[in-house]
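Notes follow the structure.
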Amino acid sequence: MFHSNGNRTVPRVLWRIAQVISISAWVGAVAWLGAVPAFADDRVDDRPNVVVIVADDLGQRDLACYGSTFHETPHLDGLARDGVRFTNAYAACPVCSPTRASLITGLWPQRTGVTDYIGAARTPDAWKRNTRLLPAPYDDRLPLTNTTLAESLKAAGYATFFAGKWHLGPEGWWPENQGFDVNKGGTDRGGPYGGNRYFSPYGNPRLPDGPPGEHLPDRLGAETARFIASHRNEPFLAYLAFYSVHTPLMARDDLRRKYEEKRRALGLGDAWGKEGTRDVRLVQSHAVYAGMVEAMDLAVGRVLRTIDELGLRDRTIVIFTSDNGGLSTSEGWPTSNVPLRGGKGWLYEGGVRVPFIVRWPAIVRPDASVGPGSELDAPVCSVDVMPTVLEAAGTGLSAPRSFDGVSLMPVLKGQPPAERALYWHYPHYGNQGGAPGSAVRRGDWKLIEWDEGPTVELYHLGDDPGEHADRSQTEPARVASLREELHRWQADVGARKAIPNPNYDPAKPSGRFAARK
């Protein structure tokens, strides 16, 4: 496999040249034969449109269609009824930037070098917390030598659009430098931290301010809808990456009041448990957060309604997912991932299991093996988005390049999923109380290896999705096998490791602790 961690390899150069030549030849051949011209003004290109929607910090259990009884998400629930809902879907990392890199490259974060959220201490010597280990270094920008989803589709004649959170490097590494024709709001920031944050004025150099008080998720949905309308007669990629529901915790007043009343009517209070040194929320009852979830859902509804009104539903692929699990142990403690364990920043299921919904009426239809409203339990991951989209779009670009992800097209067509393992490597501490570690899931078995110690935990997710019963002591052979597989994968992807902290003082307060206010 020819992957780049920042330096272009000769095979990469050759592949990119071959890519351009093959696309040009394909377009020329189609036009010469008098088939559907790719770029004719008077014909509608019949290649499928692609809409990818990514929520920020949205846990799997935050949607009603995944079990929430407090949050209301009718538009995403409708998307699941019209498409398929994956119940064993994962983010490539328990924090945002690495997963976002994986979504648009199809590569494990370790291959891009982006293994922590950009803005964290980038090198061990910059780490000041009292922890047993020093986190590994990471790259603070997605290398321009990595081929992105937008670059691949743009080369095939697609119009490309980005709206929302980028968080994959400084200016010069923004969406417009990575294959997107249009960038509405994507910068180096990990949240809406300028201006009035979730309300205009935004203070965002890539998103002009709207009327005072305009709500950011609605604006991003409106920008996406406008792009779709203006490119209805040509194939397009619309990539809507919400800032929602990342901190700061801010909701529209009407939605906050709605959920305060709902909480009172349901008699809900707060309930807390422990995850390591951190309190962990056990009940969804946060009115502001619920309002943020619904506002994001309303913006999704605006985009879906535009697709339908323009008559584009049957030839538009819509994929919805999140970049990591819900925030349950830090920064406001706004949601619960129960019955899953932990949350954002942790390698437990609550930190990496996410919603994943796909709607494509051309494939998922009532007379097909996989019909609307289906639930699929095949383990899937962020790295699968790019190869799936490239195959679905018929670009012919997926065969000659290597991905860590796999196309989900066979599964969507009803074929049994191929045997595979999923991997995680997070050699950082983050802000949510988790520690450096790695994990592998093969079948129903999941092994976590924590670098502090090191220690291992083993869970059977089929019987124990909440990861309560550690079976590492009763399954030594399985532990050894999975651990060996995990280490082979780490070597293959060039995983960087955390190292002992020579300044760690066990007599001082732990750098992993944070009090809930």
Side-chain angles (χ1 to χ4, degrees), residues 55-62 70-71 91 93-100 115-121 127-133 135 138 165 167 189-193 197-198 242-251 270-293 322-338 340-354 424 426-437 439 448 450-452 466-467 498 509-517:
D56 193 5
D57 288 0
L58 185 82
Q60 189 214 47
R61 310 297 292 187
D62 280 333
F70 188 59
H71 306 154
C93 185
V95 297
C96 58
S97 297
T99 297
R100 289 170 183 270
T115 58
D116 202 1
Y117 74 93
I118 294 174
W127 186 251
K128 305 304 179 185
R129 300 186 197 176
N130 185 44
T131 54
R132 292 182 181 274
L133 302 175
Y138 72 93
K165 174 175 169 176
H167 203 198
R189 297 173 184 169
Y193 297 139
R197 298 174 289 181
Y198 271 105
F242 285 106
Y243 283 95
S244 308
V245 287
H246 195 283
T247 56
L249 300 175
M250 300 174 68
D270 295 333
W272 304 96
K274 279 289 185 181
E275 190 58 73
T277 63
R278 298 290 183 109
D279 289 341
V280 58
R281 180 180 283 273
L282 301 179
V283 174
Q284 291 181 352
S285 59
H286 197 291
V288 171
Y289 185 82
M292 295 175 73
V293 172
S322 178
D323 61 357
N324 49 250
L327 187 58
S328 64
T329 62
S330 184
E331 300 162 340
W333 285 256
T335 194
S336 170
N337 300 300
V338 172
L340 305 178
R341 182 176 177 180
K344 177 183 178 179
W346 294 80
L347 289 169
Y348 295 121
E349 293 291 281
V352 292
R353 199 181 287 203
V354 292
W424 296 266
Y426 186 59
H428 309 283
Y429 280 98
N431 296 324
Q432 298 80 29
I448 304 175
W450 300 107
D451 294 341
E452 288 188 350
E467 297 168 295
S510 169
R512 295 177 62 184
F513 175 76
R516 176 170 53 86
K517 298 177 182 179

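Just so it is clear, the values below take in all heavy atoms, side chains as well, and ignore hydrogens, waters and symmetry mates.
When all heavy atoms of Trp346 and Pro94 are compared, the closest pair comes out as O-CB, 3.3 Å. Residues Ala515 and Trp333 share a closest heavy-atom pair of O-CH2, 3.5 Å. Taking each heavy atom of Ser328 and Asn337 in turn, the nearest pair found is OG-ND2, 3.6 Å. Closest heavy-atom contact between Ile118 and Tyr138: CA-OH, 3.8 Å. Of all heavy-atom pairs spanning Leu249 and Met292, the tightest one is CA-SD, 3.8 Å. Between Thr247 and Glu331, the shortest heavy-atom contact is CG2-O, 3.6 Å.
Note: Tyr117 and His167 have tilted aromatic rings, judged against thresholds of 30 and 60 degrees for the angle between ring planes.
Interatomic distance, CG of Leu340 versus OH of Tyr348, reported as 13.5 Å (0.5 Å rounding). Between the CD atom of Glu349 and the CD atom of Gln60 there is a distance of 9.0 Å, given to the nearest 0.5 Å. Separation of atoms CG (Leu327) and NE2 (His286) is listed at 9.5 Å; rounding is to 0.5 Å. Expressed to the nearest 0.5 Å, how far NZ of Lys165 lies from CZ of Phe242 amounts to 13.5 Å. Distance check: Leu133 CG to Tyr429 OH gives 4.0 Å after rounding to the nearest 0.5 Å. Interatomic distance, Arg281 CZ to Asp270 CG, rounded to the nearest 0.5 Å: 4.5 Å.
Here the side chains of Gln284 and Val338 are not in contact, with every heavy-atom distance at 4.5 Å or above. The shortest distance between side-chain heavy atoms of Val283 and Ser336 does not fall below 4.5 Å.
The neighbour count for Arg197 CZ, taken as heavy atoms of other residues, nucleotides or ligands under 6.0 Å away, does not exceed 12.
Of the possible donor and acceptor atoms, none in the side chain of Arg341 sits under 3.5 Å from a partner among the backbone N and O of Gly350. In this structure, the side chain of Trp424 does not engage the main chain of Gly437 through any donor-acceptor pair within 3.5 Å. Under a 3.5 Å cut-off, the side chain of Arg278 and the backbone N or O of Thr329 do form a donor-acceptor pair. At distances below 3.5 Å, not a single donor-acceptor pair connects side-chain atoms of Ser322 with backbone N or O atoms of Val354.
Each of Asp57, Thr99, Asp56 was scored for a side-chain hydrogen bond (donor to acceptor under 3.5 Å, both in side chains) with Asn324, with one residue passing: Asp57.
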message = Evaluate Val280 against Lys274 for side chain to side chain contact (heavy atoms under 4.5 Å, CB included), listing each step before the verdict.
response = CA-CA 5 Å; Val280 58; Lys274 279 289 185 181; 5.6 Å; no

Exercise. With side chain to side chain contact (heavy atoms under 4.5 Å, CB included) as the test, would you mind laying out the steps for His246 and Lys344 before giving the verdict?
Key: CA-CA 11 Å; His246 195 283; Lys344 177 183 178 179; 3.8 Å; yes

Set out, in order, the CA-CA distance, both residues' side-chain angles and the distance that settles side chain to side chain contact (heavy atoms under 4.5 Å, CB included) for Asp116 and Tyr426, then state yes or no. CA-CA 7 Å; Asp116 202 1; Tyr426 186 59; 2.7 Å; yes

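Ring-centre distance between Tyr289 and His71: below the 6.0 Å cut-off.
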